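Sequential numbering from 1 along the given sequence is applied to the chain's residues. FYI, side chains are in, hydrogens and waters are out, and symmetry mates aren't considered; it's all heavy atoms of this structure. Just so it is clear, the structure is predicted and the values come from calculations on it, not from any experiment.
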Amino acid sequence: MIVACHLISKEFQNEGTFSLEVYHDPEGHDEYLMLTVRQYHYTDDLLGRIERVSDLVRPFLQGESGWLLITTDFQSVGI
């Protein structure tokens, strides 16, 4: 998780915020870690940048149990 947070912070430096939470699925018993990126100004390349960071993080999670979702909710910073 330290690597994921570091890489997200480095990729989106001063462009917004990110938060790490445990997501609880209201329709099931699933829960997983969700790293949410929020930006001051959303750009067309946001999802590609998130995917690039996800690709870099994936090798560090090999052999670990559970899920990590790196995503955005397209909300304003501070919501």
Q. Which heavy atom of V57 sits nearest a heavy atom of A4, and at what distance?
A. CG2-CA, 3.7 Å
Q. Any link between V3 and L61 through a network of hydrophobic side chains (Ile, Leu, Val, Met, Phe, Trp, Tyr) touching at under 4.5 Å?
A. yes
Q: Determine, using the 4.5 Å side-chain heavy-atom cutoff (strictly less than), whether L69 and V22 are members of one ILVMFWY cluster.
A: no
**Q.** Donor-acceptor pair, side chain of S54 and main chain of I50, under 3.5 angstrom
**A.** yes
**Q.** Basic-acidic side-chain contact under 4.0 Å: E15, R38
**A.** no
Q: Using atom types as modelled and distance alone, determine if a side-chain donor or acceptor of T17 lies under 3.5 Å from a backbone N or O of V77.
A: no
Q: Tell me, with the steps shown, if Y40 and N14 meet side chain to side chain contact (heavy atoms under 4.5 Å, CB included).
A: CA-CA 9 Å; Y40 296 111; N14 302 319; over 6 Å; no
**Q.** Residues, nucleotides or ligands: over 12 heavy atoms within 6.0 Å of H24 NE2
**A.** yes
(Q) Working to the nearest 0.5 angstrom, can you tell me the gap between E51 CD and R49 CZ? (A) 14.0 Å
Q: Ignoring hydrogens and angles, tell me if any N or O in the side chain of Y32 forms a donor-acceptor pair with the backbone of D25 under 3.5 Å.
A: no
**Q.** Close aromatic pair by centroid cut-off 6.0 Å: F18 and F12
**A.** no
Q | From CG (L35) to CG (L33), nearest 0.5 Å | A | 9.0 Å
Q. Measuring from W67:CH2 to E31:CD, what's the distance to the nearest 0.5 Å?
A. 15.0 Å
**Q.** ILVMFWY network linking F60 to L56, side-chain heavy atoms under 4.5 angstrom
**A.** yes
Q: Can you measure from CG (L46) to CD (Q39) and round to the nearest 0.5 angstrom?
A: 4.5 Å
Q) So with a 6.0 Å cut-off around OH of Y23, is the heavy-atom count from everything else above 12? A) yes
Q) Do T72 and L47 touch side chain to side chain, with heavy atoms closer than 4.5 Å? A) yes
**Q.** Transitive ILVMFWY side-chain link F74 to I70, under 4.5 Å
**A.** yes
**Q.** Separation of R52 CZ from D45 CG (nearest 0.5 Å)
**A.** 7.0 Å
Q) With a 4.0 Å cut-off, would you call R58 and D55 a salt bridge? A) yes
Q) Going by heavy atoms in the side chains, are T71 and M34 under 4.5 Å from each other? A) yes
